[in-house]
Amino acid sequence: MDHPDDDELEISVFGPGTGESIVLHLGGRSWVIVDSCRNPKTRRPVAVEYLQSLDVDCATQVGLILATHWDSDHIRGIGDVAKSCPGVPIWSSAAVDHVEFDALLSLEEREPGSTAGRLREMLLLRQALGGGHRIGVEWVRSRTMVFSLPAGAGLPRRELWALSPSGRSVSAMLQRLQHVLHDGDPKDLPTAVRKMSRNDTSVALLLRIGDDRAVLLGADLEHTESTDAGWLDAVAFGRELEVQADLVKVPHHGSEDGHCDDMWELLLDKQPKGALTPFNSSSVPKDTDLDRIRGLTSATYITCDGGHDEPVPLLEELESAEGVSLRRLEGALGHVRWRRKIDPNATWAVALDGRACSI
Amino acid sequence: MSVPVALRPLRMLWLEDDERDVFGWQDTLEDDGHIVRLVNSVDDATHLLANQPFDLLILDQDIRGDRAAGTKLLQQLLEGNLGSVNQTIHFMFYTGSREWVLNVDLDVESIDQCLTIAEKGEPLDDVFAEHLERVSHNPSAPAAVGPTSTDATAAYGNAPPLLSLGDETWTGMVVNVEDEQFAVWLEQEDGAGFAYHATFPITRLSAEAREQFGVGSSVLLRVTASEDGLERSVSSNLVVSPAPRLDAGKIAAALEEAKRAREH
């Protein structure tokens, strides 16, 4: 892969089947990393591998690392990302800026498995950032500009805005954490943490380029009927930015619960380009999801088609030999790369790598 | 570690509840073509002995806190209490004290090697070297043990060789437990590029393991493919750690600590 030109935007979406990481080039050799997953073969964070393959100096050319929420498919390897980008600010959803979350991390540290692996990556991030009882990150709520580049060198101002989580979603997460820690049977804590809903607190982002172009990154934000949470709240703020996006990272792996008509109608151009990551753990997107997304976009690409080129592991033979039931979560990495000049009249061009393909 | 290659691959059953004590040796032995089935409970060992042929049984004395577990199993085996299991199996045994073995009336003479813990480690190199050579070269060596089958009762030299066709090591965590089964997230240890959600029947665990494991338990799974004559088979050994032990006091302490840290 070649480095994008200084006046070129890039939205690279990576996924191995269960997992997601996005790398943004905002022009002028300035990069942002959103979420993390690992290359199944090397176990290294794909974002770092990719940037290093482009000879990007992660310590000086990455301006921001953002973890949209603490689901493991979005933060695997985030501690290694932090180590590879020393000094780079790290932001994460404000939903976990609570004593209760700090306590859960400490429990995971002392009794590995206490959070059923859900917080292991956040614990590694805390350790990568120097330990202590709090993670040294900045906390993101909706209506926050998390990163910006000034106009200059022929490029317009570029701003990255958080559309979520809403105040209500942050409060709801605190209540869930309190319930798990104070009300439940301690023996059931790992299961309770594992089952805790987190998508409503993920950070959807809108990248605004100048006054009239934008990219929407939907994270795992879901749609609810509440106007002060989920996509309805995010759309309300997104409209204030007075710009519509022509490229979208489809929310929540294309699943139906991430779909919001208002998002598609009010934050996006008609028939935008799209990128999508699957979530093999729950077998999404389903065929009906893909049909819906095909109808809403002019061209959408998914990072992983479910296939692989490697020999089938012996493990799969246990299905017949020992009655083990298996579902493959990660097989091979895919990469969807959208690029276009920052010039308002430029159009997007896609390149695919690994298992990525058109939907 | 180095072990001389035996004349033919040996089928070994290794009872050990601490995989750290085994894996270096297991890899070395398997690299040399031997088949090593690792089990971490007496129940699993008994089950395998009754259903599969083995040439050599390697026993730890202390299994999951039961200081006599290994000796009890060996005693049952020597006394013929394990049904169809061939009693002429070769044994290696390691123990805290040979006196312990004598105290439980085990016939030390019938054991090919009875090592003390102090002898386990580097000297085991030599023990394996000597022992494997003896077992594999001795023309009067007993038939492989196992169930009453052609394989188990065949003369040693006529037993079809069991060839290792490779193995995989997977690590992971228990993510769900139900009445009849439990689910595990598995990653391949050597980074070959796969991860799975696997569901195992609860019967894969011994009764003791079932009481101790739970969501959050770490998992080590070794999958081995082998060939006995013309038949190819795949088997696995599953080691599950006890679940995290949380109580209200630990949770309260973590909360208080976090609260104090924020206040400062």
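Note that these values count all heavy atoms, side chains included, but never hydrogens, waters or copies made by symmetry. Chain A is the first sequence line, chain B the second, and so forth, proteins listed ahead of strands; every chain is numbered from 1.
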* To do: Heavy atoms only, distances under 4.5 angstrom: which of A:Thr115, A:Thr191, A:Asp97 has the most pairs with chain B? Name it, please.
  =>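 When all of A:Thr115, A:Thr191, A:Asp97 are compared, A:Asp97 has the most.
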* Asked: With respect to chain B, which residue among A:Ala116, A:Gly17, A:Ala103 yields the maximal number of heavy-atom pairs within a distance under 4.5 Å?
  -> A:Ala103
* Check: A:Leu315 main-chain N/O paired with B:Glu168 side-chain donor or acceptor under 3.5 Å ->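 Pair found, side chain donor or acceptor close to backbone of A:Leu315.
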Should we say atom [atom1] of [X] is surrounded by more than 12 heavy atoms from elsewhere, each under 6.0 Å from it?
X: A:Arg120; atom1: CZ; result: no
X: A:Asp287; atom1: CG; result: no
X: B:Arg262; atom1: CZ; result: yes

Closest heavy-atom pair and its distance - [X], [Y]:
X: A:Pro186; Y: B:Ala248; answer: CG-N, 3.6 Å
X: B:Pro244; Y: A:Gly113; answer: CG-C, 3.4 Å
X: B:Leu255; Y: A:His182; answer: CD1-CE1, 3.4 Å

* **Heavy-atom side-chain proximity of B:Lys250 to A:Glu111 below 4.5 angstrom** =>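 Counting from C-beta outward, B:Lys250 and A:Glu111 do come under 4.5 Å.
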* Considering only heavy atoms from C-beta outward, does the side chain of B:Val174 approach that of A:Pro190 to under 4.5 Å? -> no
Enter the distance from [X]:[atom1] to [Y]:[atom2] here, rounded to the nearest 0.5 Å.
X: B:Asn176; Y: A:Arg194; atom1: CG; atom2: CZ; result: 8.0 Å
X: B:Ile251; Y: A:Glu100; atom1: CD1; atom2: CD; result: 12.0 Å
X: B:Glu187; Y: A:Arg43; atom1: CD; atom2: CZ; result: 4.0 Å
X: B:Arg222; Y: A:Leu314; atom1: CZ; atom2: CG; result: 11.5 Å
X: A:Glu319; Y: B:Tyr196; atom1: CD; atom2: OH; result: 8.5 Å

Using non-hydrogen atoms only, which part of [X] is less than 4.5 Å away from chain B: side chain, backbone, both, or neither?
X: A:Pro112; value: backbone
X: A:Arg118; value: neither
X: A:His98; value: backbone
X: A:Arg327; value: both

* Proximal component of B:Ser218, with respect to chain A [non-hydrogen, under 4.5 Å] -> neither
* Cationic N near anionic O, under 4.0 Å, A:Asp102 to B:Arg260 -> no
* Pair B:Trp185-A:Thr18, side-chain contact (heavy atoms from CB on, under 4.5 Å): steps then yes or no -> CA-CA 12 Å; B:Trp185 173 300; A:Thr18 297; 4.0 Å; yes
* Name the member of B:Lys259, B:Glu256, B:Glu257 that forms the most heavy-atom pairs with chain A at distances under 4.5 Å. => B:Glu257
* Go through the steps for A:Glu317 and B:Val223 under the test side-chain contact (heavy atoms from CB on, under 4.5 Å), then give the verdict. => CA-CA 9 Å; A:Glu317 296 183 49; B:Val223 184; over 6 Å; no
